[in-house]
There are 2 protein chains.
Amino acid sequence: MGRTPKDVTDAELAVLRVLWGREDATVRDLADEIYGGESGASSSATVQKLLERLLAKGLVARRTGGRAHRYSAAADRDALIGRRLQETADKLCEGSLAPLLTHLVNEARLDADDIAALEAFVERAAKRRQKGRR
Amino acid sequence: MGRTPKDVTDAELAVLRVLWGREDATVRDLADEIYGGESGASSSATVQKLLERLLAKGLVARRTGGRAHRYSAAADRDALIGRRLQETADKLCEGSLAPLLTHLVNEARLDADDIAALEAFVERAAKRRQKGRR
DNA sequence: TGACAGGAAGACATTCTGTCTTATCCTCGG
DNA sequence: CCGAGGATAAGACAGAATGTCTTCCTGTCA
């Protein structure tokens, strides 16, 4: 039997990456950017298929103006990160994200900036709690 | 062209999960646990194939004693979490884990325990820095 | 020794993924 | 208004991954 489909495949991700760098893009724009300068008709078709699948997943939006559709990203990188983290949590931690956080804090080599960001967050959280909010 | 193989597939994960719950297990033990009571000869073969692939990935260890091999987990859940997180970071963040941490802190609904753990970590980190170690 | 449990190797169906081909459609220039 | 050309839609396709099963071989124990 099949397995769980990847939410976003590598080729799809390549398309998304380009879309994250601009407001809009046509299929041709994307094909040019991804498959070098001389993007044949087949490259365009490939990109279009990827866009179709991304559309079905709700990760890109399409604006059908003029002659060629214009595609834009409907999910940013952070949203993708969230999906992957949640998927990992679902498979390995019964859906809880806390073990991931623990792992990152314990195992990952964090630099000073990361730690500073954490400190800031913890302070914010402490302040919130002090005020009795949430 | 093919895609990047999943480091651990769902069926393999089911095997690992059982192994995490005990010290040792034979193929039959695992088949019984995973495929209900009456594990036919085919279930055993399936489990064995999965173990073979896990072995190739270095995720289980085999001790060849007596009549049946005994398998044990060579990677715990946290190691798997680390793999997945790094893979996500590689694909979405040029290998940096920091954005994942940021996401968890900003987006995930952390409960009091999680925040307490974070506080403890930050304090530890501050102390380390103060002592000039590391 | 002979039946048999267990292991190794490989076949297999299904699905996914990335790519390409074909057919249809729309827009623009003439 | 019509033809040309690019764009879209639909789907065929090969290669690979995955989960399962079959087959054959090996060792063990009665």
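Naming convention: chains lettered A, B, ... in sequence-line order (proteins, then strands); numbering from 1 in each chain. Below, each value reflects all heavy atoms present in this structure, side chains not excepted, and no hydrogens, waters or symmetry copies.
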So, OP1 or OP2 of [N]: does either fall under 4.0 Å of a side-chain N or O from [X]?
{"X": "B:Arg62", "N": "C:dA8", "result": "yes"}
{"X": "A:Thr9", "N": "C:dT17", "result": "no"}
{"X": "A:Arg28", "N": "D:dG6", "result": "no"}
{"X": "B:Thr46", "N": "D:dT20", "result": "no"}

[X] [atom1] to [N] [atom2]: how many Å, rounded?
{"X": "A:Glu12", "N": "C:dT19", "atom1": "CD", "atom2": "C1'", "result": "13 Å"}
{"X": "A:Ile34", "N": "C:dC20", "atom1": "CD1", "atom2": "P", "result": "13 Å"}
{"X": "A:Leu13", "N": "C:dT17", "atom1": "CG", "atom2": "P", "result": "13 Å"}
{"X": "B:Asp32", "N": "C:dA5", "atom1": "CG", "atom2": "C1'", "result": "14 Å"}
{"X": "A:Lys91", "N": "D:dT18", "atom1": "NZ", "atom2": "P", "result": "12 Å"}

Fill in: A:Ala45 side-chain proximity, nearest of C:dT21, D:dA9, C:dA8
C:dT21
Practice prompt. Tell me which nucleotide among C:dT19, D:dC21, D:dA9 gets nearest to the side chain of A:Tyr35.
Written response: C:dT19
Worksheet item: Got a donor-acceptor contact below 3.5 angstrom from the B:Trp20 side chain to the B:Ala75 backbone?
Response: yes
Item to complete: Kindly give the heavy-atom pair with the smallest separation between B:Val27 and B:Ser44, and that separation in Å.
Response: CG1-O, 3.3 Å
Discussion item. Minimum heavy-atom separation for B:Asp7 and B:Glu12, please, with both atom names.
Written reply: O-OE1, 4.0 Å
Discussion item. Salt bridge (charged side-chain N to carboxylate O under 4.0 Å, His left out) for A:Arg128 and A:Glu123? Distances and angles first, verdict last.
Written reply: CA-CA 9 Å; A:Arg128 260 199 316 264; A:Glu123 267 173 43; over 6 Å; no
Protein-nucleic acid N or O pairs under 3.5 Å, nucleotides 28-30 of chain C:
unit_1, atom_1, unit_2, atom_2, d
C:dC28, OP1, A:Arg67, NH1, 3.4

Discussion item. Between A:Glu52 and A:Lys49, does any NZ, NE, NH1 or NH2 come within less than 4.0 Å of an OD or OE carboxylate oxygen?
Written reply: yes
Worksheet item: Stepwise, does the side-chain contact (heavy atoms from CB on, under 4.5 Å) test hold for A:Ser72 with A:Arg22?
Response: CA-CA 8 Å; A:Ser72 57; A:Arg22 27 172 111 192; over 6 Å; no
Worksheet entry | Contact list for DNA chain D against residues 47-55 of chain B - heavy-atom distance below 4.0 Å | B:Lys49, B:Arg53
Item to complete: Starting from the C-alpha separation in whole Å, work towards a yes-or-no answer on side-chain contact (heavy atoms from CB on, under 4.5 Å) for B:Thr26 and B:Tyr71.
Response: CA-CA 6 Å; B:Thr26 67; B:Tyr71 293 86; over 6 Å; no
